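Atoms within each ligand, like the ligands themselves, are counted from 1 in listed order. Only a predicted model underlies this, so the values are computations on that prediction, with no experimental measurement involved.
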Amino acid sequence: MNNVAVIGLGIMGLPMAINLVKAGHNVVGFNRSSARIDELVAAGGRGAASIPDAVRDANVVITMLPDSPDVEDVVSGPDGVFAHTPAGAYWIDASTIRPDVAVRLAGAARDAGLKPVDAPVSGGEAGAIEGTLSIMVGGEFADVEAIRGVLDAMGSTVVHVGPAGSGQTVKAANQLIVAGTIQLVAEALVFLEAHSVDTEASVKVLAGGLAGNRILDRKAAGMVARTFEPGFRVDLHHKDLGIVTAAARAAGVAIPLGSMVAQLMGTLRAEGHGSLDHSALLLLVEQMSGRSHA
Ligand code: NAD
């Protein structure tokens, strides 16, 4: 069993930490707001007062933070993860950040005597709670194998996809597919409603054919009911589509549909909906169709 420090106990980090407790690891958590730390303690973990306090005895450190600058802040500097984690420990960054930043931070982690692994996740809050996340892992093969037990406690599909940063590249592709699919499901639902077709029955039959997908399975009911409690916030998906757009440009790859949905996600956010679930893309389709109820 491992001594695991989890930094960032948000929508994803807290249930992931709780699954590590359930798997028998010694888990200590730190978060900017302390209410989330109390929830980890109630589930059998320990709370830390600071980053140095969290990582002092860790042989595995997991960061689960919003964006590239947050991860950079938490790992760097005199009070950061790299300065206080015992040499030889593994650093798993499960946050979704820019692949180029992941590569740079992996180098800095190695310089600090740590073994870096980027392991962004997909599967949403439900996958984090159920321990069924899909985890895209970048790093040295031996390091990934050594921490496989930790990753398996949080996910059911754990795949090593290549060297440092590769996990983030795969996650960017994931976010491209998810955003595009949500947009198409949103358009289909507004279209069906406009034709006064029973949307519940429609979703059922669509889910069984070639149009079937996880967004239909997991998000369509909420979209039909217009409940957009996150889940995955528009703010975060906007961040991810920025990553996708920059990485596609760097590689000289065209993403015409991806660019369009990136614009739509940005518009939704600019209209003040950044805290809603990303399935709220439906609100824009309604608005563009003159069918807004708001
Ligand atoms: P969140 O905003 O709910 O959680 C982030 C947590 O980090 C918060 O509790 C915040 O207090 C804490 N935090 C921020 N800065 C900190 C700091 N300097 N020190 C300590 N704690 C700090 O976000 P989330 O939804 O849990 O997402 C986390 C990451 O996982 C993001 O990169 C996101 O893109 C990715 N992700 C999210 C989902 C999802 O469905 N929510 C799914 C897959 C991947």
- request: Starting from atom 3 (O) of ligand 1, locate the nearest protein heavy atom and write down its residue, its atom name and how far away it is, to 0.1 Å.
  value: Ile11 N, 2.9 Å

message: Using a 6.0 Å cut-off, check whether atom CZ of Arg218 has over 12 heavy atoms from anything other than its own residue.
response: yes

- request: For side-chain contact (heavy atoms from CB on, under 4.5 Å), just list the numbers for Val158 and Leu133, CA-CA rounded to whole Å, side-chain angles, deciding distance to a tenth of an Å, and then say yes or no.
  value: CA-CA 8 Å; Val158 178; Leu133 293 168; over 6 Å; no

- prompt: So which heavy atom in the protein is nearest atom 4 (O) of ligand 1, and how far is it from that ligand atom?
  reply: Gly10 CA, 3.2 Å

query: So between Met16, Arg32, Met64, whose heavy atom ends up nearest atom 30 (O) of ligand 1?
result: Met64

- prompt: Has Gln263 got more than 12 heavy atoms of other residues, nucleotides or ligands less than 6.0 Å from its CD?
  reply: no

- request: Answer with side chain, backbone, both or neither: which part of Ile97 has a heavy atom less than 4.0 angstrom from an atom of ligand 1?
  value: neither

- line: In ligand 1, the atoms that come under 4.0 Å of a heavy atom of Lys239 are 31 (C), 32 (O), 33 (C), 34 (O)

message: How far is atom 42 (C) of ligand 1 from the closest protein heavy atom, and which atom is that?
response: Met12 CE, 3.5 Å

message: Looking at Glu286 and Arg226, is any side-chain nitrogen of the basic one under 4.0 Å from a carboxylate oxygen of the acidic one?
response: yes

query: How long is the gap from CG on Asp118 to CG on Asp93, to the nearest 0.5 Å?
result: 7.5 Å

query: For ligand 1, which atoms, with element, lie under 4.0 Å from some heavy atom of Thr96?
result: 32 (O), 34 (O), 35 (C), 44 (C)

- request: Would you mind listing which atoms of ligand 1 come within a distance below 4.0 Å of any non-hydrogen atom of Leu65?
  value: 7 (O), 13 (N), 14 (C), 15 (N), 16 (C), 21 (N), 22 (C), 28 (C), 29 (C), 31 (C), 32 (O)

- request: Kindly give the heavy-atom pair with the smallest separation between Leu105 and Val75, and that separation in Å.
  value: CD2-CG2, 4.2 Å

Protein heavy-atom partner closest to atom 38 (C) of ligand 1 - residue, atom, separation in Å: Phe232 CD1, 3.3 Å

task: Of the side chain and backbone of Glu72, name the one, both, or neither that has a heavy atom under 4.0 Å from an atom of ligand 1.
output: neither

Minimum-distance protein heavy atom relative to atom 8 (C) of ligand 1: Asn31 OD1, 3.5 Å

query: Evaluating non-hydrogen atoms only, which member of Asp67, Val74, Leu236 is closest to atom 18 (N) of ligand 1?
result: Val74

message: Could you go through Arg104 and Glu72, starting from their C-alpha distance and side-chain angles, then the distance that decides it, and tell me whether this counts as salt bridge (charged side-chain N to carboxylate O under 4.0 Å, His left out)?
response: CA-CA 10 Å; Arg104 181 163 51 76; Glu72 189 133 25; 2.6 Å; yes

task: Could you list which atoms of ligand 1 come closer than 4.0 Å to a heavy atom of Pro66?
output: 5 (C), 7 (O), 14 (C), 31 (C), 32 (O)

- request: Could you tell me the separation between the CZ atom of Arg233 and the NE2 atom of His273, rounded to the nearest 0.5 Å?
  value: 15.5 Å

- request: Name all residues meeting the ring-ring contact (aromatic ring centres under 6.0 Å, His included) criterion together with Phe232; count only those two or more places apart in sequence or in a different chain, and write none if there are none.
  value: His237, His278

- request: Below 4.0 angstrom from a heavy atom of Leu9, which ligand 1 atoms are there? Numbered from 1 as shown, please.
  value: 9 (O)

Option set Gln175, His278, Arg233, criterion heavy-atom distance to atom 2 (O) of ligand 1, minimum: Arg233

- prompt: Between atom CZ of Arg32 and atom CD1 of Ile37, what is the distance when rounded to the nearest 0.5 Å?
  reply: 12.0 Å

task: Can you tell me which residue pairs pass the salt bridge (Lys or Arg N to Asp or Glu O under 4.0 Å) test with a partner in residues 145-168, sequence neighbours excluded?
output: Glu145-Arg148

field: Residue Val121 vicinity, atoms of ligand 1 by number, heavy atom under 4.0 Å
entry: 43 (C), 44 (C)

Which of the ligand 1 atoms, numbered from 1, are nearer than 4.0 Å to a heavy atom of Gly8: 7 (O)

- prompt: Any idea which atoms of ligand 1 are less than 4.0 Å away from a heavy-atom of Gly124?
  reply: 40 (O)

